[in-house]
Structure formats: structure tokens, C-alpha cells
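Single-structure report; data block below.
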Amino acid sequence: MFRLSLQEGWPRYRLEVPDGDTVREYLVARPYFRAKGMTGRGTRGYVALECGTGLFRWLKDAWRVDYESVELEGDTLQELNNEGILFVPTLVCHGDILKQKTKTPDYWLRKNSPPPDLTWRPLTASTSSFRTLPSAYDDCPLRMLAHYRVVVKEVCMPLSMFTNGQHLVTVIVDCLTGQ
């Protein structure tokens, strides 16, 4: 599958993914999955070649929701891996990328800034802005997002590559078992 991503005219990249106090490097080319549209999180999925080991991995690059109350996908995978839950992807590494965060909620809040006598209160999971007020200003329609990557051991496969219906049903049963 990696070879199929090496299409002429498509750029190649070396992506870095945090791994605790170190960084792992991966080579990628054309993504196997790209979210469509301008309003999503820009999620892309790659078959990636890990530079340090020469092993193929699945690398997900996205803009995750950035709130204290939202657990990172990699942390959840690690917890499930530690519990020995079957049919869950095996975490290799994950983390935020270079503290890259969206700025558009900042602009919305500046435009819709409260009177100076009101005080800000911390974010809650039920609100959509990184700061909220106990008035009409708590309805910022923009989410705070952070650039995030997660790498798992198992390489994902598009539906078109399944050999038959039984193969697909077996994978679906495994997914439900892991849930």
C-alpha cells in the first residue's frame, strides 16, 4: 500500500510525531484518507514508513478538539492496550505538533468582546469557546483545535482492498468485539 501512495506529481513528506520526550520520524506521500470540506478537522490517514525501524505504520494527522475535558485519542488507545482489550489498534506514539492551535476563536471573541466589567470564567466541556461568559457571549460557534498526530502499529486498509464479503464481516465483528 505504501508503494501505491508514491504517485508521480504527489509530494513526499517527513513527518515528526512526539513520543514522550523524543520524536519519531515517518515518511509519507499521498494520503489514503482525506477529509473533504473546509469546515472539518483536516483529517488525513497515511501508510507511513517509520525512519528508525523501517516498519510500516498507520499515521493519522488531524486537528483535534482542544479542551481540558477531552481525552487524547492516543491516551485512550494506550489505556485500552494496557488493559489487554482485543481488536484495538496498538499505539506507537502520539502528540500535539509544535503547539499549533487555531486562532479563529480569538478573532471571534475580539469582535464579540464583553463589556470590561464582566469577568471570564474557565472553559467547560459543554461550551464551544475557549472562554465563556455567563451571558450572550458564551455562544462562540468556533471550536479550539490543536494539530495532532497519532501512529498505530496496524495499517488500515480501504474497503476496495478486502478480498471478499467474509473478510469484511470478520473485521466488523472484531471491531464490535473491541468496543
Side-chain angles (χ1 to χ4, degrees), residues 5 10-51 57-82 88-114 118-158 175 178-179:
S5 74
W10 196 271
R12 279 101 167 147
Y13 300 99
R14 185 183 67 201
L15 302 180
E16 295 181 343
V17 182
D19 185 17
D21 294 333
T22 64
V23 173
R24 292 184 187 224
E25 294 182 335
Y26 295 89
L27 300 177
V28 300
R30 182 174 187 259
Y32 268 88
F33 173 81
R34 284 186 297 167
K36 294 176 175 46
M38 293 286 292
T39 59
R41 297 184 190 166
T43 304
R44 291 170 295 198
Y46 298 94
V47 175
L49 179 64
E50 187 170 1
C51 295
R57 306 290 190 201
W58 183 256
L59 188 150
K60 177 181 171 183
D61 181 272
W63 288 84
R64 68 172 182 83
V65 175
D66 187 24
Y67 299 113
E68 289 182 21
S69 60
V70 178
E71 195 169 332
L72 298 177
E73 179 179 355
D75 291 343
T76 301
L77 287 174
Q78 187 62 64
E79 187 176 323
L80 293 170
N81 292 164
N82 292 345
V88 173
T90 308
L91 178 69
V92 175
C93 59
H94 71 107
D96 288 342
I97 306 304
L98 301 172
K99 299 182 183 177
Q100 296 175 352
K101 297 180 184 267
T102 53
K103 299 290 185 195
T104 48
D106 295 342
Y107 297 114
W108 187 93
L109 288 171
R110 276 190 225 136
K111 181 180 177 196
N112 300 283
S113 62
L118 294 177
T119 57
W120 293 100
R121 61 182 164 88
L123 164 77
T124 63
S126 63
T127 62
S128 63
S129 62
F130 70 103
R131 299 180 201 163
T132 61
L133 290 173
S135 66
Y137 296 100
D138 64 357
D139 62 350
C140 177
L142 305 168
R143 300 258 180 210
M144 291 294 297
L145 302 174
H147 193 188
Y148 179 75
R149 291 183 183 135
V150 60
V151 178
V152 296
K153 179 180 176 182
E154 296 78 13
V155 175
C156 298
M157 203 169 75
C175 291
Q179 293 286 335

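- A distance of 9.0 Å separates CG in L91 from CD in E73, rounded to the nearest 0.5 Å.
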(request) Using the side chain to side chain contact (heavy atoms under 4.5 Å, CB included) rule, take V151 and L59 through it: C-alpha gap first, then chi angles, then the decisive distance, then the call. (result) CA-CA 4 Å; V151 178; L59 188 150; 3.9 Å; yes

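- Judged by the 6.0 Å and 45° rule, R30 forms a cation-pi pair with W10.
- Residues forming a side-chain hydrogen bond (donor to acceptor under 3.5 Å, both in side chains) with E154 (at least two apart in sequence, or on another chain): T90.
- Remark: the backbone N or O of V92 is not paired with any side-chain donor or acceptor of R57 at under 3.5 angstrom.
- Pairing each heavy atom of L27 with each of C51, the nearest pair is CG-SG, 3.7 Å.
- No side-chain heavy atom of P31 sits under 4.5 Å from any side-chain heavy atom of V47.
- Considering every non-hydrogen atom in both W58 and Y46, the closest pair reads CE3-O, 3.3 Å.
- T43 and A62 get closest at one heavy-atom pair: OG1-CB, 3.5 Å.
- When side chains are defined from C-beta on, Y32 does not count as touching R44, because their heavy atoms never get closer than 4.5 Å.
- The pair D96-R64 meets the salt-bridge criterion, since a charged nitrogen lies less than 4.0 angstrom from a carboxylate oxygen.
- For the pair L15 and R149, the minimum side-chain heavy-atom distance is below 4.5 Å.
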(message) Let's go through H147 and T102 carefully: what are the C-alpha distance in whole Å and the side-chain angles of both, what is the deciding distance for side chain to side chain contact (heavy atoms under 4.5 Å, CB included) to 0.1 Å, and is it a yes or a no?
(response) CA-CA 8 Å; H147 193 188; T102 53; over 6 Å; no

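- Note that OH of Y148 and CD1 of I97 are 9.0 Å apart. Values are rounded to the nearest 0.5 Å.
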(request) Output, in order, the C-alpha distance, side-chain angles, deciding distance and verdict of side chain to side chain contact (heavy atoms under 4.5 Å, CB included) for V65 and M144. (result) CA-CA 6 Å; V65 175; M144 291 294 297; over 6 Å; no

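- Scanning both residues, A48 and V28, for their nearest heavy atoms gives CB-CG1, 3.6 Å.
- In this structure, D61 contributes its side chain and G45 its backbone to no donor-acceptor pair below 3.5 Å.
- Checking D75 against H94 by side-chain atom types alone, a donor-acceptor pair falls below 3.5 Å.
- Distance CD/Q78 to CG/L72: 12.0 Å, rounded to 0.5 Å.
- Here CG of D19 is found 4.5 Å from OG1 of T22. Values are rounded to the nearest 0.5 Å.
- When every heavy atom of C93 is checked against every heavy atom of P18, the shortest pair comes out as CB-O, 3.4 Å.
- Closest heavy-atom contact between F33 and A35: CE2-N, 3.7 Å.
- Not one N or O on the side chain of Y26 forms a donor-acceptor pair closer than 3.5 Å with the backbone of E16.
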